[in-house]
Amino acid sequence: MNNPTTRSAAVFVVILAVILLAYSILTMPDHRTTTEKVGDAIHDLPQGVDKASRQLEDRTPGQKLGDQIKDNTEAR
């Protein structure tokens with residue numbers, strides 16, 4: 001593994017694998033049941049109707065993360 005070409009290829013493969021893993025995690029479908037969605041909405045109701053209504057939608061983890069970032073930047 002002393003060859004620079006082999007090392008750079010290995011680094012490239014590892015980076016590509018991390019990117020693909022992150023993409024697949026952030027785009028996973030929402031597998032919650034209707035009961036779980038309603039329960040989450042009721043739990044988030046004290047934080048606002050808008051936040052609670054988001055729990056009823058099918059959203060990917062990436063969309064949820066974006067909403068969290070948006071909520072946290074607006075609160076400051």
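For clarity, every value in this text was computed on a predicted model and none was experimentally measured.
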Visitor: When rounded to the nearest 0.5 angstrom, what distance separates CD1 in Ile19 from OG in Ser24?
Guide: 12.0 Å
Visitor: Quick one: do Leu21 and Phe12 end up in the same hydrophobic cluster if we chain Ile, Leu, Val, Met, Phe, Trp and Tyr together by side-chain heavy atoms under 4.5 Å apart?
Guide: no
Visitor: Are the side chains of Arg54 and Asp40 in contact, using a 4.5 Å heavy-atom criterion?
Guide: no
Visitor: Please tell me if the side chains of Thr33 and Glu36 come closer than 4.5 Å, counting only heavy atoms from C-beta onward.
Guide: yes
Visitor: Tell me, do Lys64 and Asp30 make a side-chain contact under 4.5 Å, heavy atoms counted?
Guide: yes
Visitor: Return the set of residues passing salt bridge (Lys or Arg N to Asp or Glu O under 4.0 Å) with Arg59 (not counting sequence neighbours), or none when no residue passes.
Guide: Asp67
Visitor: Is there a side-chain contact between His43 and Gln55 in this structure, where contact means two heavy atoms from C-beta onward sitting under 4.5 Å apart?
Guide: no
Visitor: Can you list every salt bridge (charged side-chain N to carboxylate O under 4.0 Å, His left out) pair that touches residues 9-22, not counting sequence neighbours?
Guide: none
Visitor: Enter the distance from Leu56:CG to Asp44:CG here, rounded to the nearest 0.5 Å.
Guide: 10.0 Å
Visitor: To the closest 0.5 Å, what do you measure between CG (Leu65) and CD1 (Ile25)?
Guide: 12.0 Å
Visitor: Can you tell me how far CD of Gln63 sits from CD of Glu57, rounded to the nearest 0.5 angstrom?
Guide: 8.5 Å
